[in-house]
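The next block holds one structure in the form of structure tokens; read it before the comments.
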Protein chains: 2
Amino acid sequence: MLTERQMLILQVIIDEFIETAHPIGSRAISKKGTIPYSAATIRNDMADLEEKGFLEKTHSSSGRIPSEKGYRYYVDHIAASISGQSDEYIIKDLIQDGFYEFEQIVQLSAEVLSELTNYTSIILGPEMMETKLKQIQMITLTPHTAVVILVTNTGHVEHRTFTIPSEINPSDLEKMVNIINHHLAGSPVISLPELFNSEIISMMKKYMDDFDQTYQYLKTAFLAEQPVKLYIGGVSNILMQPEFNDVEKIRTFLTMMEKEDEIATLLKQTDDGINVTIGQENEVEAIKDFSLITSTYRLDEGQHGTIALLGPTRMEYKRVISLLKVLSNEMTEALYMWYKNNG
Amino acid sequence: MLTERQMLILQVIIDEFIETAHPIGSRAISKKGTIPYSAATIRNDMADLEEKGFLEKTHSSSGRIPSEKGYRYYVDHIAASISGQSDEYIIKDLIQDGFYEFEQIVQLSAEVLSELTNYTSIILGPEMMETKLKQIQMITLTPHTAVVILVTNTGHVEHRTFTIPSEINPSDLEKMVNIINHHLAGSPVISLPELFNSEIISMMKKYMDDFDQTYQYLKTAFLAEQPVKLYIGGVSNILMQPEFNDVEKIRTFLTMMEKEDEIATLLKQTDDGINVTIGQENEVEAIKDFSLITSTYRLDEGQHGTIALLGPTRMEYKRVISLLKVLSNEMTEALYMWYKNNG
DNA sequence: GTTAGCACTCTTGGATAGCGAGTGCTAATT
DNA sequence: AATTAGCACTCGCTATCCAAGAGTGCTAAC
């Protein structure tokens, strides 16, 4: 479909545009020397490429810029093969350094990723899918307040403070917590609500006087939806990109970034491995002007999180893709080591 | 120092400028009717006000805008007396609704505050100053990993996951945790490091074989500096303000907002009650173009947090001040009720 | 198939002029 | 003595125009 030369021209244009964000003219390409043909020849090919939808003009006598279809072709046919190297060591060093806190490493990764690329990085914390309940603790603060702490096998901790109404007997609550620990420890967190209903209720009826209220209470206390944690890095970095020359664009972008739950659902839907969605390919209206590159990392079987970079469609695809590959591999490996060595 | 009329003029100009963000001319004031004098008279007074430093011109033939000194005068002499009403109920309703989670109410307050004002709100979580240790829990995840959970009497939970090196005997760690709970429960969190050194070390030497390592470990595990939590609301809201017409200003603002620790230290330094710092009065370079209004709320004796609104110097001082007054009172009261009723 | 040449298009930046809002001053009015 | 009307002057803002520059598309020549 595309001649050898046309492909080359497309590549040069995209590379150049990614760097400068300015439309590229035939003369400029010719002078660069990468393609040993005259401006006129290149001009003809460019006209063809435009006709086929890989290039666009901003106005009738401007240079060409890549269309989304052009980027797509570039990502699929051209950028795929190349791997970056220089960033690799930064990432590896980052992960190597001490690793006591999962959250720290993730937050740090998000920041470094953004710093390295000047795009916005978003890391979705591991989903609790296959996380298992390790233990529940209830600690009474005052006769009528308590904090319930839920610990998973991955070391994740959730807690919730609540008031104990006077109708409820604190010792009932304690009994209940014991029952839960005894019967549900080791169960996947995600199935807790269900198990709670099926297994625990009957148990409790035996042991407790005032069942209903206690039940309702504990239920809301720790079955409330547990938000997936989102680590966002360098929201201000992306504003360095020349496409944000317009105040209005910044506003819409930032407003979008504040809707963390939407972003989370978006990232959850990604497939395994590297994933590139360009402009209009994105289903979410708000990022139809952006490209989103995602990569998954795994903690344990079935348990995975997502690393993403959000930038303008004019993105350094080659570099970003290899960067995400390295990072997600390193994260997977680091986490694997952590579990296997210690487990 | 200022005549009655000059004060009135200053007030009208500031009120008007706060609303429109455009320089105000003498004719406009005269036509408004609030001041029954001709434009020329007002013009003379305005010249005086400028000479005294309360007003400025953007250029030689523009209308006047308030100077920072002008705002200061306004805040001290004019805005002080007035109290807003309409927002009051929103705040009260907000706080009234269920109150299980301290964090939730704070985050929500931050968002509402920003929504109501279109400034950026920052709430500093309560300092741990006088918070007391309730209990420490250690839960082993695998033979070589554990999570240490620290619970305070206010229901605040800190946790830290760490690896147990093979040199350390897990049962030693457990002993240690018991010792800590036994001896330090009820002690102020802030003095834990010190108490740890003075009281616990001797205890531990008696009971444990491999003291040194265990000690070092637990120490880093929960004496690491506990960051004060910062709740920021509506970073994108403030961009609605016309002073953010410039992309560069947005960039610097956002870059500043990402430095959470700096903001935290800034807010920690505030005195009790309402505090208004206007423009250059701010010590931190980055917000010398902004005004910061802070208010404190208290949890328990000695324990307090800060609510702040950050906006352009052209701020709705009257409204914001009364808003913060109401909110901090409501928060103080709600927290007070929570403790006393349940404690 | 490739290239040189040329007319045409469109953006960008600088220069200029006119308009409007506002001031400062002076002289007249109360 | 305080207030006001009148008027010249200043400055920013906008529109318009112009020239330069970059790039295209097409045609004709190589």
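Below, read A as the first sequence line, B as the second, and so on, with proteins coming before strands; counting in each chain starts at 1.
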Legend entry - Any B:Arg5 side-chain N or O less than 4.0 Å from OP1/OP2 of D:dT3: yes
Inset, instruction - Return no unless some side-chain N or O of A:Lys31 is found under 4.0 Å from OP1 or OP2 of D:dG23. - result: no
Inset, instruction - Please report, rounded to the nearest Å, how far the P atom of D:dT24 is from the NE2 atom of A:His59. - result: 10 Å
Legend entry - Partner of B:Ile293 under side chain to side chain contact (heavy atoms under 4.5 Å, CB included), chosen from B:Thr117, B:Thr277, B:Val276, B:Ile278: B:Val276
Inset, instruction - For A:Arg64, answer base if it contacts any base atom (sugar-phosphate contacts may also be present), sugar-phosphate if it contacts only those atoms, and nothing otherwise; contact means non-hydrogen atoms under 4.0 Å. - result: sugar-phosphate
Inset, instruction - Indicate, with a heavy-atom threshold strictly under 4.0 Å, whether B:Ser62 touches base, sugar-phosphate, or nothing. - result: sugar-phosphate
Legend entry - base_contact_polar (C:dT23 base, B:Ser61 side chain, donor-acceptor, <3.5 Å): no
Inset, instruction - For D:dT3, take OP1 and OP2 only and decide whether either is under 4.0 Å from a side-chain N or O of B:Thr41. - result: no
Legend entry - Along DNA chain D (nearest heavy atom to each residue), the more 5'-positioned of B:Ser60 and B:Tyr37: B:Tyr37
Legend entry - Sugar-phosphate only, base, or nothing, as touched by A:Ser26 at under 4.0 Å among non-hydrogen atoms: sugar-phosphate
Inset, instruction - Can you establish whether the number of heavy atoms outside B:Arg251 located under 6.0 Å from its atom CZ is more than 12? - result: yes
Legend entry - Under-4.0 Å side-chain N/O to phosphate OP1/OP2 contact, B:Arg43 with C:dA21: no
Legend entry - Cationic N near anionic O, under 4.0 Å, A:Asp289 to A:Lys249: no
Legend entry - Residue met sooner reading DNA chain D from 5', once A:Ala40 and A:Pro23 are mapped to nucleotides: A:Pro23
Legend entry - Below 4.0 Å: OP1/OP2 of D:dG25 and any side-chain N or O of A:Lys57: yes
Legend entry - NZ or CZ of A:Lys69 within 45° of A:Phe54 ring axis and under 6.0 Å: yes
